[in-house]
Peer 1: 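First, the structure itself, so that you have it in front of you.
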Amino acid sequence: LGTTKAQETEKKFGIEFNAGGSYAIKKIEDKKLNPGFGFEGSVHYNFIKNLGVYAGWGWNRFGADDSFAGKDVCFEETGYILGLQFQNQISNSSFSYFAKGGALYSHIELENSNGDIILDTKHGFGYQAVVGVEYKLNSKWSLTPSIKLNSLKREADYEKITRDILHQYLSARIGIVKKF
């Protein structure tokens, strides 16, 4: 008599929350943004073994000691993401690597030192690229350290001058995923 072993089926859905530091790689009108912080929440669905879609919402905040809008201003980017995700397990280990690419639909708000919104670029499209690893804690929970590149170009009208803002930054994130 032979024995059979039930093969665990890979879960297709996941919910992820990640957070971490961000670093602007592009000055805005020759002014440097200070290192920032952000977070993102998303849902994933794998429609075939290694390929899926993800969608979510994110927030990132950068301070600026000096900017076209004055001193001590914060740049906040918030918006939606939608993209494709490729993931592949490394041998028979608890590790896998992943790459994501997607569209952003975001806007940038500038806040003064009192927390008042002094400029809103309105929503527009940009892109996101992500690479990282996933470490399975068990069949339902994983940790996901990653590096993200976000890029968003928006027009901003401030004091009767129209400016093109190209907001690009890298983020080092750590996330937690629950699969079901």
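If you read the sequence from its start, that first residue is 1, and numbering goes on from there.
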Peer 1: Determine whether a donor-acceptor pair (N or O, by modelled atom type, separation under 3.5 Å) exists between the side chain of Asp157 and the backbone of Lys160.
Peer 2: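 The answer is no, because no donor-acceptor pair under 3.5 Å joins these two groups.
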
Peer 1: On a heavy-atom basis, which atom in Ser22 and which in Gly38 lie closest, and how many Å separate them?
Peer 2: OG-N, 4.3 Å

Peer 1: What pairs of donor and acceptor atoms, side-chain ones from residues 82-95 against any protein atom, are under 3.5 angstrom apart with sequence neighbours left out?
Peer 2:
| from | atom 1 | to | atom 2 | distance (Å) |
| --- | --- | --- | --- | --- |
| Gln85 | NE2 | Gln87 | OE1 | 3.2 |
| Gln87 | NE2 | Ser96 | OG | 2.8 |
| Gln87 | NE2 | Glu134 | OE1 | 2.8 |
| Asn88 | ND2 | Tyr97 | OH | 3.1 |
| Gln89 | NE2 | Ser93 | O | 2.8 |
| Ser93 | OG | Ile90 | O | 2.6 |
| Ser93 | OG | Phe95 | N | 3.1 |
| Ser93 | OG | Phe95 | O | 3.4 |

Peer 1: Do Leu149 and Ile25 pass the side-chain contact (heavy atoms from CB on, under 4.5 Å) test, and can you show the C-alpha distance, the side-chain angles, and the key distance before you say yes or no?
Peer 2: CA-CA 9 Å; Leu149 167 67; Ile25 57 175; 3.7 Å; yes

Peer 1: Which heavy atom in Ser113 sits nearest to a heavy atom in Asp72, and how many Å separate them?
Peer 2: CB-OD2, 3.2 Å

Peer 1: With the 4.5 Å side-chain cut-off for hydrophobic clustering, are Val177 and Ile174 part of the same group?
Peer 2: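 No, separate clusters.
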
Peer 1: As an exercise, state the distance from CG of Asn150 to CG of Leu104, rounded to the nearest 0.5 Å.
Peer 2: 5.0 Å

Peer 1: Please determine whether the number of non-hydrogen atoms from other residues, nucleotides or ligands lying under 6.0 Å from atom CG of Asn138 exceeds 12.
Peer 2: yes

Peer 1: Could you state the interatomic distance from CD1 (Ile108) to CG (Leu152), rounded to the nearest 0.5 Å?
Peer 2: 4.5 Å

Peer 1: Hey, what do you get for CD (Glu111) to CG (Leu119), rounding to the nearest 0.5 Å?
Peer 2: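 Glu111 CD to Leu119 CG: 11.5 Å, rounded to 0.5 Å.
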
Peer 1: Nearest 0.5 Å, please: how far is CZ in Phe98 from OG1 in Thr144?
Peer 2: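 CZ of Phe98 is found 5.0 Å from OG1 of Thr144.
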
Peer 1: Should we say atom NZ of Lys12 is surrounded by more than 12 heavy atoms from elsewhere, each under 6.0 Å from it?
Peer 2: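 Yes, the 6.0 Å shell around NZ holds more than 12 heavy atoms from other groups.
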
Peer 1: Indicate the atoms forming the closest heavy-atom contact of Thr121 with Ala156, along with that distance.
Peer 2: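 In terms of heavy atoms, the two residues are closest at CG2-CB, 4.1 Å.
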
Peer 1: Atom CZ of Arg173 and atom CD of Glu40: how far apart are they, to the nearest 0.5 Å?
Peer 2: 6.0 Å

Peer 1: Counting C-beta onward and ignoring hydrogens, is there a side-chain heavy-atom pair between Asn18 and Lys148 closer than 4.5 Å?
Peer 2: yes

Peer 1: Any heavy-atom pair between the side chains of His167 and Leu33 that's under 4.5 Å?
Peer 2: yes

Peer 1: Phe13 versus Lys178: any side-chain heavy-atom pair under 4.5 Å?
Peer 2: no

Peer 1: Can you tell me how far CD of Glu109 sits from CD1 of Ile118, rounded to the nearest 0.5 angstrom?
Peer 2: 11.0 Å

Peer 1: Quick check: does any side chain N or O of Asn114 sit under 3.5 Å from a backbone N or O of Asp116, one acting as donor and the other as acceptor?
Peer 2: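 Absent.
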
Peer 1: Taking the side chain as every heavy atom from C-beta outward, state whether Tyr158 and Ile165 have any pair of such atoms under 4.5 Å apart.
Peer 2: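 SC-SC contact between Tyr158 and Ile165 ruled out.
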
Peer 1: Where is the tightest heavy-atom contact between Gly79 and Ser106, given as atom of each residue plus distance?
Peer 2: CA-OG, 3.4 Å

Peer 1: Indicate every side-chain donor-acceptor pair of residues 43-56 with a distance under 3.5 Å to a residue at least two apart or in another chain.
Peer 2:
| from | atom 1 | to | atom 2 | distance (Å) |
| --- | --- | --- | --- | --- |
| His44 | NE2 | Glu16 | OE1 | 3.1 |
| His44 | NE2 | Ser42 | OG | 3.3 |
| Tyr54 | OH | Gln128 | OE1 | 3.0 |

Peer 1: Other members of the hydrophobic cluster containing Trp59, with the 4.5 Å side-chain heavy-atom rule, please.
Peer 2: Phe17, Phe37, Phe39, Trp57, Tyr80, Tyr105, Phe125

Peer 1: Would a distance-only check, ignoring hydrogens and angles, find a side-chain to backbone donor-acceptor pair under 3.5 Å from Arg154 to His123?
Peer 2: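 Such a contact is found between Arg154 side chain and His123 backbone.
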
Peer 1: Identify the two heavy atoms, one from Tyr23 and one from Pro35, that lie closest to each other, and give their separation to 0.1 Å.
Peer 2: CD1-CG, 4.5 Å

Peer 1: Of all heavy-atom pairs between Asn34 and Ala64, which one has the smallest distance, and what is that distance?
Peer 2: ND2-N, 3.9 Å

